[in-house]
K.L.:
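Starting off with a structure, shown below.
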Amino acid sequence: VFVRGAGVGLPMEGTGTHNVASAALTLKPGASFTGQFVFLLDNKGPAIAAGAATRVELNSSVVQWAQLGIECVRCDFTSTASVWSHFPDDSTNFADEDNDAMYLSGGRHLVEDSVIANCKDDGIDTGTPEKFAGDGGSLVVDSCIIQRVQHEAIALSSSPNGRRSARIR
């Protein structure tokens with residue numbers, strides 16, 4: 001599957017707050033998507049916006065040139081043998097505008113055998129949403145390459161009352 005040039009509409013309600021335009025792939029709360037050999041390229045908004053209680057699995061895929069790779073809040077996400085690259089904005093200065101490869105919070109998140117590169121902000125941004133006192137979920141990063149990110153490669157943040165479990169190897 002090749003998707004190119006999406007993201008000119010407004011984001012769908014319930015699929016996150018970090019996207020300013022519609023996503024190439026939008027999953028409403030409770031939906032599930034498993035994809036192999038998926039190419040999401042040159043999109044104006046985020047490549048993937050996933051609502052609560054969704055499940056997203058990508059294998060041997062490429063997500064490249066988008067405002068944000070994936071926003072997955074309170075959902076489960078797996079990236080295996082995939083490339084996440086080029087999440088810029090048009091300015092030359094750093095701005096914390098969530099041009100992340102992955103924004104993951106709450107739920108189970110596994111990133112393995114993948115490459116994350118060329119991000120204007122974070123490679124993987126995680127934590128618990130503001131004022132959220134519950135479980136921030138889990139993150140496992142295994143056998144990955146993360147390079148050329150302007151902010152943090154992996155940002156393990158949390159609200160003051162939140163918790164998060166992470167394993168990086």
K.L.:
Is there a side-chain contact between D113 and D142 in this structure, where contact means two heavy atoms from C-beta onward sitting under 4.5 Å apart?
P.N.:
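They are not in side-chain contact.
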K.L.:
Heavy-atom distance under 4.5 Å between the side chains of L41 and V62, does that happen here?
P.N.:
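Yes - at least one pair of side-chain heavy atoms lies under 4.5 Å apart.
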K.L.:
Report yes if the side chains of V141 and I154 come closer than 4.5 Å at any heavy-atom pair, otherwise no.
P.N.:
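Yes; the side chains approach each other to less than 4.5 Å.
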K.L.:
Between T54 (side chain only) and P29 (backbone N and O only), is there a donor and an acceptor less than 3.5 Å apart?
P.N.:
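Checked: no pair found.
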K.L.:
Identify the heavy atoms of N99 and F87 that sit nearest to each other, and give their distance.
P.N.:
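Closest approach of N99 to F87: CB-O, 3.1 Å.
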K.L.:
Step through the shown structure and confirm whether more than 12 heavy atoms of other residues, nucleotides or ligands are within 6.0 Å of CD1 on I168.
P.N.:
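Buried by this count: over 12 neighbours within 6.0 Å.
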K.L.:
Nearest 0.5 Å, what's the OG-CG distance between S61 and L40?
P.N.:
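Separation between the atoms: 7.5 Å.
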K.L.:
Begin with the C-alpha distance, continue with both residues' side-chain angles, and end with the deciding distance and a verdict on side chain to side chain contact (heavy atoms under 4.5 Å, CB included) for L104 and I124.
P.N.:
CA-CA 7 Å; L104 311 172; I124 301 173; 4.0 Å; yes
K.L.:
Once you round to the nearest 0.5 Å, how far does CG of L58 lie from OG1 of T80?
P.N.:
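Interatomic distance, L58 CG to T80 OG1, rounded to 0.5 Å: 9.0 Å.
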K.L.:
Should V140 and E112 count as side-chain neighbours, where that means a heavy-atom distance under 4.5 Å?
P.N.:
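Counting from C-beta outward, V140 and E112 never come under 4.5 Å.
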K.L.:
Between S79 and S114, is the side chain to side chain donor-acceptor pair (under 3.5 Å) condition met? List the steps.
P.N.:
CA-CA 7 Å; S79 170; S114 294; 3.0 Å; yes
K.L.:
Between atom CG of N59 and atom OG of S82, what is the distance when rounded to the nearest 0.5 Å?
P.N.:
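Nearest 0.5 Å value for the CG-OG distance: 6.0 Å.
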K.L.:
Could you tell me the separation between the CD atom of Q64 and the CG atom of N43, rounded to the nearest 0.5 Å?
P.N.:
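Reported to 0.5 Å precision, the distance equals 11.0 Å.
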K.L.:
Do the side chains of D76 and R55 get close enough for a salt bridge, i.e. N-O under 4.0 angstrom?
P.N.:
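Answer for the salt bridge query: no.
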K.L.:
Is any side-chain heavy atom of L110 closer than 4.5 Å to a side-chain heavy atom of R108?
P.N.:
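No, too far: nothing below the 4.5 Å cut-off.
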K.L.:
If you define the side chain from C-beta out and look only at heavy atoms, does anything of C119 sit under 4.5 Å from I116?
P.N.:
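Yes, close enough: below the 4.5 Å cut-off.
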K.L.:
Any chance you could lay out the side chain to side chain contact (heavy atoms under 4.5 Å, CB included) test for L139 and L156, step after step, and finish with the verdict?
P.N.:
CA-CA 9 Å; L139 172 68; L156 300 172; 3.9 Å; yes
K.L.:
Measure across C75 and G51 and return the closest heavy-atom pair with its distance rounded to 0.1 Å.
P.N.:
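So the minimum-distance heavy-atom pair works out to CB-O, 3.5 Å.
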K.L.:
If you measure from CG on D100 to CD on E152, what distance do you get to the nearest 0.5 Å?
P.N.:
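Here the rounded value is 9.0 Å.
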K.L.:
According to a 4.5 Å side-chain heavy-atom criterion applied to Ile, Leu, Val, Met, Phe, Trp and Tyr, with indirect links allowed, do F2 and I48 form part of one hydrophobic cluster?
P.N.:
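Each belongs to a different hydrophobic cluster.
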K.L.:
Measure the spacing between CZ of F33 and CZ of F77 and express it to the nearest 0.5 Å.
P.N.:
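So the gap between those two atoms works out to 11.0 Å.
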K.L.:
Kindly give the heavy-atom pair with the smallest separation between A153 and I146, and that separation in Å.
P.N.:
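It is CB-CG2, 3.7 Å.
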K.L.:
Step by step, would you call H109 with C72 a side chain to side chain contact (heavy atoms under 4.5 Å, CB included)?
P.N.:
CA-CA 9 Å; H109 308 119; C72 180; 4.1 Å; yes
K.L.:
Would you say V111 ends up clustered with I145 if hydrophobic residues are merged whenever their side chains have heavy atoms under 4.5 Å apart, either directly or through other cluster members?
P.N.:
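Cluster IDs for I145 and V111 differ.
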K.L.:
Centres of the W65 and F39 rings: under 6.0 Å?
P.N.:
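No.
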K.L.:
Could you check I70 against W84 for side chain to side chain contact (heavy atoms under 4.5 Å, CB included), going step by step and ending with a plain yes or no?
P.N.:
CA-CA 10 Å; I70 181 171; W84 299 78; 4.0 Å; yes
K.L.:
Would you indicate whether the side-chain heavy atoms of E71 and P46 approach each other to under 4.5 Å?
P.N.:
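Heavy-atom side-chain distance check fails, nothing below 4.5 Å.
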